[in-house]
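Written out below as structure tokens is the structure these notes cover.
The sequence lines fix the lettering, A, B, ..., with proteins before strands; numbering per chain opens at 1.
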There are 2 protein chains.
Amino acid sequence: MDVHEGKQKFIESWGKMASDWGINRTMAQVHALLLVAHEPLTADQVMEELNISRGNANMNIRALMDWGLVHKQLRAGERKEYFFAEKDMWTVVRQIIINRKKRELEPMLKVLDEVVGVEENCPESESFCAVVRDIRKFSHKANQTLDTLLKADPNWFTGMLLNTMVR
Amino acid sequence: MDVHEGKQKFIESWGKMASDWGINRTMAQVHALLLVAHEPLTADQVMEELNISRGNANMNIRALMDWGLVHKQLRAGERKEYFFAEKDMWTVVRQIIINRKKRELEPMLKVLDEVVGVEENCPESESFCAVVRDIRKFSHKANQTLDTLLKADPNWFTGMLLNTMVR
DNA sequence: AATTGTTTTCAGGAGAAATTGAAAACAGTG
DNA sequence: CACTGTTTTCAATTTCTCCTGAAAACAATT
């Protein structure tokens with residue numbers, strides 16, 4: 001397999017996976033393209049490679065910068081902007097966790113904290129509260145675990161999690 | 001807050017979170033409804049509570065059964081089918097991991113295994129392979145970790161992960 | 001085998017999300 | 001400050017996913 005075919009397969013697959021996980025497919029494809037790019041690319045190159053419009057390229061590059069997954073490079077004497085992806089996988093995963101935790105997990109936790117306070121005065125409300133308490137406990141633990149993970153050493157995840165668990 | 005308001009908030013929030021994660025919102029709302037239901041419900045009750053059509057209710061209940069998150073209850077002398085959700089959080093999380101791993105993580109791993117074999121004969125192909133190797137290593141470890149997690153004791157996750165990590 | 005109650009299917013429609021492309025805004029340069 | 005190359009914005013359009021509702025299939029009962 002040659003490198004172009006490999007890149008294409010990778011980009012397509014990365015995009016597919018992302019859309020399964022509720023992330024815009026094109027955004028993930030731009031990310032994939034920059035991940036495997038040999039050098040920083042301009043918006044025009046991204047448009048060209050992925051056959052997307054200027055507006056689309058611009059929006060998704062911006063979104064990726066907001067996520068902390070892509071950075072801008074300015075070159076002296078050039079007006080064009082170049083973009084490159086963060087390539088360290090641990091950092092990539094960190095950024096994704098940070099973003100999704102904030103956007104999606106924490107709002108859910110807030111609601112759980114609210115509804116766990118429902119008055120318990122009948123079998124129905126009691127079983128409701130029991131279920132919510134359980135989900136809430138679980139979610140808070142997951143959230144704390146993620147916080148710990150984020151504070152951890154860069155090599156920690158790949159190293160320890162596995163070693164501790166595999167027997 | 002009364003139990004009805006609590007249930008509604010919970011159902012709405014669960015649905016929102018699911019759609020952020022690429023899961024059909026209505027499917028998650030049906031799941032949430034059954035999770036907090038005091039007793040098993042019929043398809044008609046689900047339709048009624050969530051204001052959805054018969055077809056929609058049926059399809060999503062089926063999908064939830066495929067995921068192993070909802071079960072059918074048959075009652076002697078009744079032709080209607082009753083549905084109830086698996087309420088143990090550890091089992092719920094297990095089922096979700098099993099399903100998403102199979103549907104989304106593993107196909108990606110397969111592609112990574114393929115493209116890592118790209119011939120390395122120029123700077124471009126070398127940097128491509130280096131990135132792919134890194135992602136591949138990371139993903140395989142994550143996959144193995146999930147396998148171990150799935151084999152683990154029901155109380156393992158909530159217990160150990162946190163205790164080991166929090167200092 | 002006809003009747004009734006229930007579940008399943010799926011073509012077409014509705015709504016949501018992503019994309020385009022052209023105009024506006026911006027930023028250097030002579 | 002006018003000109004040029006570049007990025008940003010956003011209304012209109014396209015694309016995709018999801019939902020509906022009615023018909024078909026199914027299954028228990030008489």
Side-chain angles (χ1 to χ4, degrees), chain A residues 11-12 14-34 40-67 70-84 99-100 103-104, chain B residues 11-12 14-34 40-67 70-84 99-100 103-104:
Chain A
I11 290 167
E12 191 190 330
W14 197 249
K16 171 64 172 53
M17 176 157 198
S19 77
D20 287 340
W21 287 88
I23 289 163
N24 182 290
R25 189 173 126 272
T26 304
M27 170 170 156
Q29 288 185 333
V30 173
H31 184 219
L33 176 65
L34 294 174
L41 304 181
T42 62
D44 289 85
Q45 288 173 299
V46 172
M47 290 166 58
E48 167 84 12
E49 293 282 337
L50 301 178
N51 291 302
I52 59 177
S53 70
R54 180 170 303 285
N56 199 4
N58 183 275
M59 304 250 258
N60 284 305
I61 290 171
R62 276 180 135 273
L64 286 163
M65 290 199 293
D66 285 347
W67 279 62
V70 162
H71 307 284
K72 190 185 286 191
Q73 183 185 68
L74 294 172
R75 295 182 183 178
E78 281 199 66
R79 285 166 68 176
K80 269 190 197 303
E81 297 172 335
Y82 289 79
F83 302 95
F84 61 99
N99 279 284
R100 303 211 73 165
R103 291 168 209 227
E104 295 138 19
Chain B
I11 290 167
E12 192 190 330
W14 197 250
K16 172 64 173 54
M17 176 157 200
S19 77
D20 287 339
W21 286 88
I23 289 163
N24 181 291
R25 190 174 126 271
T26 305
M27 172 169 154
Q29 288 185 331
V30 174
H31 184 219
L33 176 64
L34 293 174
L41 304 181
T42 62
D44 290 84
Q45 288 174 300
V46 171
M47 290 166 58
E48 166 84 12
E49 292 283 337
L50 301 177
N51 290 305
I52 60 176
S53 71
R54 181 171 303 285
N56 198 6
N58 184 276
M59 304 251 258
N60 284 304
I61 290 170
R62 271 176 139 277
L64 286 164
M65 289 198 294
D66 285 348
W67 279 63
V70 162
H71 307 284
K72 190 185 285 192
Q73 183 186 67
L74 294 171
R75 295 183 182 176
E78 282 198 64
R79 284 166 68 175
K80 268 190 199 306
E81 297 172 337
Y82 289 79
F83 302 96
F84 61 99
N99 279 283
R100 303 211 74 165
R103 291 168 209 228
E104 294 137 19

Would the number of heavy atoms belonging to other residues, nucleotides or ligands and lying under 6.0 Å from CZ of Arg100(B) be above 12?
yes
Gln73(A) atom CD, neighbour heavy-atom count above 12 within 6.0 Å
yes
Can you check the [X] [atom1] to [N] [atom2] distance for me, whole Å?
X: Gln73(B); N: dT7(C); atom1: CD; atom2: P; value: 13 Å
X: Glu81(B); N: dC26(D); atom1: CD; atom2: P; value: 14 Å
X: Lys80(B); N: dT8(C); atom1: NZ; atom2: P; value: 13 Å
X: Glu78(A); N: dT29(C); atom1: CD; atom2: P; value: 12 Å
X: Met47(A); N: dT7(D); atom1: CE; atom2: P; value: 10 Å
X: Leu50(A); N: dA18(C); atom1: CG; atom2: P; value: 16 Å
X: Asn56(B); N: dT8(C); atom1: CG; atom2: P; value: 14 Å
X: Arg79(A); N: dA25(C); atom1: CZ; atom2: P; value: 18 Å

Select one nucleotide: of [options], the one nearest the side-chain heavy atoms of [X].
X: Arg62(B); options: dT9(D), dT19(C), dT9(C); value: dT9(C)
X: Met59(A); options: dT9(D), dT7(D), dT8(C); value: dT9(D)
X: Asn24(A); options: dA18(C), dC19(D), dG5(D); value: dA18(C)

Looking at dT7(C), I'd like to know if its phosphate oxygens (OP1 or OP2) sit under 4.0 Å from a side-chain N or O belonging to Asn58(B).
no
Ignoring backbone atoms, test whether Thr26(B) places a side-chain nitrogen or oxygen under 4.0 Å from the OP1 or OP2 oxygen of dC18(D).
no
Ion pair present between Asp44(B) and Lys80(B), side-chain N to carboxylate O less than 4.0 angstrom?
yes
In terms of side-chain geometry, is the basic nitrogen of Asp66(A) or Arg62(A) positioned less than 4.0 Å from the acidic oxygen of its partner?
no
Does a donor on one side chain and an acceptor on the other come within less than 3.5 Å for Asn58(A) and Arg54(A)?
no
Heavy-atom nearest nucleotide on DNA chain C for Ser53(A) versus Lys72(B): which residue maps closer to 5'?
Lys72(B)
Which is more 5' along DNA chain D, the nucleotide nearest Ile52(B) or the one nearest Asp44(A)? Just name the residue.
Asp44(A)
